[in-house]
Amino acid sequence: MSLRSLFLSLFLLASACAISQERGAMAKFNYGIKAGFHAVTYDDPSFNIDGYRFDKNCIHSNKIGYTITPFARVTYKRFYLQTEAVLGITHHSFDFLDSNTTDEGFEPNSTVYNLKTYCAQIPLLFGYNFVDQKLFAMSFFTGPKAKFIFTAHSEQEFIHFNDSSLKEVLKKNCYYWEFGLGVKIDKVFFDFVYDLGLSDASQYIISNRKGNIYSTSRRDNVLSFSVGMIF
């Protein structure tokens, strides 16, 4: 889903809210804010640097991040449509544990790549309240999500590599499909979300000193938890 399509969906959502309120329809409009944290896993990550390939068998990764999210929701009976503006920070750490890299000029069990990214995410979610009482509700929701990385502000650090000028070129846009479970108690709610990565998060790694371009690949999946208020 393109950025234009997402913003068009947001405009149509706002228009539907206005029309439903004017006509006295049963659809209702809510808004709110939530904050949370997430952990990231990768599908078959690999780095190919100076002719040596690090794959998932020799990469230990740690990723954790934080988000704050205003959102808007239109509900009709048990169904709802929701869009969000997610602002997030994620800390990534890749530890390369393969001792065979000694012959390749790397220090065994000590090469580390640290990455900090800032992003904005816009999902379009379709939900269903399978429990819908006055003070308690449970729902399932799913839908596409677009993620926009502020690549100019990413912070990178390659530690104990034999080339200090290494830099990863990140993709500015990534796409996901989101699945989630929500629990609401009065105005407070809890969301448990899994984002399935649909696109690669990396383009390549470049060496400014040698002028080489090295291949890299990773598609991230995100598990997150958040708590918020809905009005």
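With rounding to the nearest 0.5 Å, the separation of NZ in Lys171 from OG1 in Thr151 is 13.0 Å. The CZ atom of Arg73 sits 4.0 Å away from the CD1 atom of Ile230 when rounded to the nearest 0.5 Å. The structure places CG of Asn114 at 4.5 Å from CD1 of Ile159, a figure rounded to the nearest 0.5 Å. Note that CZ of Phe192 is 14.5 Å distant from CZ of Phe140, once rounded to the nearest 0.5 Å. How far OH of Tyr118 is from CD1 of Ile149: 12.0 Å, rounded to the nearest 0.5 Å. Separation of atoms CD1 (Ile89) and NZ (Lys116) is listed at 5.5 Å; rounding is to 0.5 Å.
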Margin query: I'd like to know whether Gln121 forms a side chain to side chain contact (heavy atoms under 4.5 Å, CB included) with Val222, so could you lay out the CA-CA distance, the side-chain angles of the two residues, the decisive distance to 0.1 Å, and finally the verdict.
Written below: CA-CA 13 Å; Gln121 304 173 61; Val222 184; over 6 Å; no

Margin query: If you apply the rule side chain to side chain contact (heavy atoms under 4.5 Å, CB included), what do you find for Lys167 with Val169, and how did you get there?
Written below: CA-CA 7 Å; Lys167 181 180 180 180; Val169 179; 5.5 Å; no

Checklist line | Evaluation steps, side chain to side chain contact (heavy atoms under 4.5 Å, CB included), between Asn173 and Tyr175 | finding: CA-CA 7 Å; Asn173 302 333; Tyr175 301 95; 3.8 Å; yes

Margin query: If you apply the rule side chain to side chain contact (heavy atoms under 4.5 Å, CB included), what do you find for Tyr113 with Phe47, and how did you get there?
Written below: CA-CA 11 Å; Tyr113 171 36; Phe47 293 80; 4.0 Å; yes

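Note: Phe37 and Tyr66 fail the aromatic proximity criterion, with ring centroids not under 6.0 Å apart. Taking the six-membered ring for Trp, Phe189 and Phe71 have ring centres closer than 6.0 Å.
At a threshold of 4.5 Å between non-hydrogen side-chain atoms, the residues Asn221 and Tyr42 do not count as touching. In this structure the side chain of Leu166 reaches within 4.5 angstrom of the side chain of Tyr214, judged on heavy atoms. Residues Phe190 and Ser226 form no side-chain contact, since every pair of their non-hydrogen atoms from C-beta on lies 4.5 Å or further apart. Contact check for Arg218 versus Phe94: side-chain heavy atoms found under the 4.5 Å cut-off. Residues Asn212 and Tyr204 fail the side-chain proximity criterion, which asks for heavy atoms closer than 4.5 Å. Using a 4.5 Å heavy-atom threshold, the side chains of Tyr76 and Leu81 count as separate. Inter-residue side-chain proximity for Phe158 and Ile205 is flagged as met; some heavy-atom pair is nearer than 4.5 Å.
With hydrogens and angles left out, the side-chain atoms of Thr67 and His38 include no donor and acceptor closer than 3.5 Å. Under 3.5 Å, the side chains of Ser165 and Asp163 contain a donor-acceptor pair of N or O atoms.
In terms of heavy atoms, Thr83 sits closest to Pro123 at OG1-O, 3.1 Å. Pairing each heavy atom of Gln203 with each of Leu170, the nearest pair is NE2-O, 3.3 Å. Taking each heavy atom of Ala72 and Phe29 in turn, the nearest pair found is CB-CE1, 3.8 Å. In plain terms, the two heavy atoms of Ser93 and Asp95 that are nearest each other are OG-OD1, 3.8 Å. Listed here is the closest heavy atom pair of Asp220 and Ala201: OD1-CB, 4.1 Å. Across all their heavy atoms, Ala137 and Asn129 have their closest contact at CB-OD1, 4.3 Å.
Note on Leu135: it does not cluster hydrophobically with Val131, by side-chain heavy-atom contacts below 4.5 Å among ILVMFWY residues.
Side-chain N or O atoms of Arg78 include none that pairs as donor or acceptor with a backbone N or O of Tyr128 at under 3.5 Å. Although no hydrogens or angles enter the test, the distance criterion places no donor-acceptor pair under 3.5 Å between the side chain of Lys134 and the main chain of Phe136. Ser207 places no side-chain N or O within 3.5 Å of a backbone atom of Ile213 that could act as its donor or acceptor partner. Remark: side-chain polar atoms of Asp186 are not paired, donor with acceptor, to backbone N or O of Val188 under 3.5 angstrom.
Residue-environment remark: CZ (Phe225) exceeds the threshold of 12 foreign heavy atoms within 6.0 Å. Open room surrounds OH on Tyr31; 12 or fewer heavy atoms of other groups in view lie less than 6.0 Å from it. Annotation for Lys172: atom NZ does not count as buried by contact number, only 12 or fewer foreign heavy atoms lying within 6.0 Å.
Ring geometry, Phe54 versus Phe96: the interplanar angle falls from 30° to 60°, so the pair is classed tilted.
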